[in-house]
Undergrad: 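The structure's right below; bear with me while I get my questions together.
Just so you know, these numbers use all the heavy atoms, side chains as well, and skip hydrogens, waters and symmetry mates.
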Amino acid sequence: MAILSVHGRGQNPEIMQDFASFLNVPGARFYAPSAEGATWYPEPFLEPLERNQPQLDLSLALIPQYLTIIASAGFTPENTVLWGFSQGACLLSHFLATRHYRCGGAVLFTGGHLGPGPLPEHAGRPLTGMPVLMRTIAEDPWVPRWRVRETAATLTRLGANVDLKVAPGTEHIITAEAFEAASELINTLAPKKGRSPRSFAPEVTASPGPKIHEGR
């Protein structure tokens with residue numbers, strides 16, 4: 001099982017490696033891209049989409065490049081999980097909700113789609129059967145729970161099987177329950193042959209990289 005691990009604003013692939021140590025997923029191979037300037041888009045994610053352009057579209061366009069790199073290592077979409085935290089979860093949420101990429105599953109820790117309002121309705125159900133685990137904190141200082149719930153509803157309408165839980169608190173953190181639930185999901189999806197040690201690719205690069213500036 002391959003896991004594309006997308007970091008948050010002001011972070012780097014090493015933070016995802018640290019987080020991965022809390023996942024009990026034997027045999028998983030982690031791939032971690034790095035955003036130029038440590039951010040995938042410059043403005044807060046609830047701002048109008050045009051304020052995060054062109055960096056947002058450049059970052060969204062990189063995800064298929066990363067997935068191609070993962071596929072070249074022998075992992076099919078069904079054996080690939082998208083995992084993001086904070087800004088990384090927002091980027092992946094928007095990718096799933098607008099690009100409708102169906103893979104083995106997604107783990108979205110404290111994130112929601114971008115823009116000030118709901119996304120346009122989509123007639124089909126391109127994510128049918130895809131498991132999506134979403135976790136957030138009730139009073140998170142950066143990502144309001146209403147947007148996480150709105151994103152969960154959008155992904156559900158697209159056919160995904162969404163598991164959303166909101167934990168009490170005010171910190172921007174990942175809870176032990178979230179790690180446990182993610183481990184269970186990934187192990188359920190993983191091929192049952194063998195249990196080789198998991199491994200971590202420090203960084204996945206694709207070209208051209210996004211020209212992204214820092215800022216909240």
Undergrad: As an exercise, state the distance from CD of Q11 to OG of S34, rounded to the nearest 0.5 Å.
TA: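 If I round to the nearest 0.5 Å, the distance is 11.0 Å.
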Undergrad: Go through the steps to decide whether L56 and L91 satisfy the test side chain to side chain contact (heavy atoms under 4.5 Å, CB included), and finish with yes or no.
TA: CA-CA 8 Å; L56 174 59; L91 184 69; 4.0 Å; yes
Undergrad: With a 3.5 Å distance limit and no angle check, can you tell me whether Q87 reaches the backbone of Y41 through a side-chain donor-acceptor pair?
TA: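 Judged by distance alone, yes, a pair lies under 3.5 Å.
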Undergrad: Looking at every heavy atom in both A32 and P13, which two are closest together, and how far apart are they?
TA: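 The pair with the smallest heavy-atom distance is CB-CB, 3.6 Å.
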Undergrad: Any side-chain to backbone donor/acceptor pair from W40 onto H7? Under 3.5 Å, distance only.
TA: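 Yes.
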Undergrad: Please find the pair of heavy atoms, one from P26 and one from N187, that lie closest to each other, and give the distance.
TA: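 For P26 and N187, the tightest heavy-atom pair comes out as CD-OD1, 3.8 Å.
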Undergrad: Do T110 and H172 pair up side chain to side chain, a donor and an acceptor below 3.5 Å, judged on atom types alone?
TA: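 No.
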Undergrad: To the nearest 0.5 Å, what is the distance between OG1 (T80) and CE (M1)?
TA: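 Going from the OG1 atom of T80 to the CE atom of M1 covers 7.5 Å.
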Undergrad: Are L119 and L46 grouped together when hydrophobic residues (ILVMFWY) are joined by side-chain heavy atoms under 4.5 angstrom apart?
TA: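 L119 and L46: separate clusters.
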Undergrad: Once salt bridge (charged side-chain N to carboxylate O under 4.0 Å, His left out) is applied, do any residues pair with R149, and if so which ones, sequence neighbours excluded?
TA: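 With neighbours one apart ignored, the set is empty.
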Undergrad: Using a 3.5 Å distance criterion without hydrogens, assess whether the side chain of Q53 forms a donor-acceptor pair with backbone atoms of D57.
TA: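 Indeed, once roles are kept as given, a pair shorter than 3.5 Å links the two residues.
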Undergrad: Which heavy-atom pair separates L155 from M134 by the least distance, and what is that distance?
TA: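 Between these two residues, the closest heavy atoms are CD1-SD, 4.3 Å.
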Undergrad: How about CD on E184, more than 12 heavy atoms from neighbouring residues, nucleotides or ligands closer than 6.0 Å, or not?
TA: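 Check fails, neighbour count at 12 or below.
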Undergrad: May I ask you to decide whether E78 forms a salt bridge with R102, counting only side-chain N to carboxylate O separations under 4.0 Å?
TA: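 Salt bridge: no.
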Undergrad: So do the side chains of V107 and L82 get within less than 4.5 Å of each other, counting heavy atoms only?
TA: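 The answer is no, as the side chains (C-beta and beyond) never meet within the 4.5 Å cut-off.
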Undergrad: Would a line drawn from the ring center of F19 to the ring center of F85 be shorter than 6.0 Å?
TA: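 They qualify: ring centres under 6.0 Å apart.
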Undergrad: What is the distance from atom CZ of F109 to atom OG of S86, rounded to the nearest 0.5 Å?
TA: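 OG of S86 is found 12.5 Å from CZ of F109.
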Undergrad: Got K165 and T175 here, is their nearest side-chain heavy-atom distance under 4.5 Å?
TA: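 Side chain of K165 against side chain of T175, heavy atoms only: no contact under 4.5 Å found.
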Undergrad: Count I, L, V, M, F, W, Y as connected when their side-chain heavy atoms are under 4.5 Å apart, and connections chain through other members. Are I137 and L108 then in the same cluster?
TA: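 Unlinked, I137 and L108 end up in two clusters.
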Undergrad: Look only at the side chain of R135 and the backbone of A181, and say whether a donor-acceptor pair between them is shorter than 3.5 Å.
TA: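 Side chain of R135 to backbone of A181: no pair is present.
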Undergrad: How long is the gap from OG1 on T151 to CH2 on W146, to the nearest 0.5 Å?
TA: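 Spacing of OG1 (T151) from CH2 (W146) equals 8.5 Å.
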Undergrad: Quick one: salt bridge (charged side-chain N to carboxylate O under 4.0 Å, His left out) partners of E121, sequence neighbours excluded?
TA: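 Counting only residues at least two positions away or on another chain, E121 forms a salt bridge (charged side-chain N to carboxylate O under 4.0 Å, His left out) with R157.
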Undergrad: If you take all heavy atoms of I174 and A178, which pair is closest and at what distance?
TA: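 Shortest heavy-atom contact: CG2-CB, 3.8 Å.
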Undergrad: Using modelled atom types and a 3.5 Å cut-off, is there a donor and acceptor pairing between side-chain atoms of S183 and backbone atoms of N24?
TA: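 At least one qualifying donor-acceptor pair exists.
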Undergrad: Would you find a donor on one side and an acceptor on the other, under 3.5 Å apart, between the side chain of N12 and the backbone of I15?
TA: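 Side chain of N12 to backbone of I15: a pair is present.
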Undergrad: According to a hydrophobic-cluster definition based on side-chain heavy atoms being under 4.5 Å apart (Ile, Leu, Val, Met, Phe, Trp, Tyr only), do V143 and I173 belong together?
TA: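 No, no single cluster joins them.
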Undergrad: Is the closest side-chain heavy-atom distance between L189 and P131 below 4.5 Å?
TA: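 The answer is yes; the side chains approach within 4.5 Å.
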Undergrad: Could you check I63 against L92 for side chain to side chain contact (heavy atoms under 4.5 Å, CB included), going step by step and ending with a plain yes or no?
TA: CA-CA 9 Å; I63 296 176; L92 291 177; 3.9 Å; yes
Undergrad: Is a side-chain donor-acceptor pair under 3.5 Å present for E150 with H113?
TA: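 Indeed, the side chains of H113 and E150 share at least one donor-acceptor pair under 3.5 Å.
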Undergrad: Could you go through the side chain to side chain contact (heavy atoms under 4.5 Å, CB included) check for F30 and L23 one step at a time?
TA: CA-CA 11 Å; F30 293 83; L23 292 172; 4.0 Å; yes
Undergrad: Using the rule given for side chain to side chain contact (heavy atoms under 4.5 Å, CB included), can you reason through F75 versus L67, listing the C-alpha separation, both sets of side-chain angles and the distance that settles it, and then say yes or no?
TA: CA-CA 9 Å; F75 296 99; L67 293 169; over 6 Å; no
Undergrad: Could you tell me which non-hydrogen atom of I70 sits nearest to which non-hydrogen atom of A2, and how far apart they are?
TA: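 Scanning both residues completely, I find the closest heavy atoms to be CG2-CB, 3.5 Å.
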Undergrad: State, yes or no, whether a side-chain contact exists between M16 and W83 at a heavy-atom distance under 4.5 Å.
TA: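 Sidechains of W83 and M16: in contact.
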Undergrad: Indicate the atoms forming the closest heavy-atom contact of G111 with C90, along with that distance.
TA: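 Of all heavy-atom pairs spanning G111 and C90, the closest is CA-SG, 3.7 Å.
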Undergrad: Would you check if N52 and L114 make a side-chain contact, meaning some heavy-atom pair closer than 4.5 Å?
TA: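 Sidechains of L114 and N52: in contact.
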Undergrad: Any chance you could measure F95, atom CZ, to L4, atom CG, to the nearest 0.5 Å?
TA: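 Reported value, rounded in 0.5 Å steps: 9.0 Å.
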Undergrad: Is V81 close to C103 at the side-chain level, that is, under 4.5 Å between some pair of heavy atoms?
TA: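 No - every pair of side-chain heavy atoms lies 4.5 Å or more apart.
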Undergrad: With no hydrogens and no angle check, is any side-chain donor or acceptor of R147 less than 3.5 Å from a backbone partner on G115?
TA: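 Yes; judged by distance alone, with no hydrogens or angles, the pair exists.
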Undergrad: Please round to the nearest 0.5 Å and tell me the distance separating atom CG of N161 and atom OG1 of T128.
TA: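 N161 CG to T128 OG1: 8.5 Å, rounded to 0.5 Å.
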Undergrad: State, yes or no, whether a side-chain contact exists between H94 and L49 at a heavy-atom distance under 4.5 Å.
TA: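 With C-beta onward as the side chain, the pair touches.
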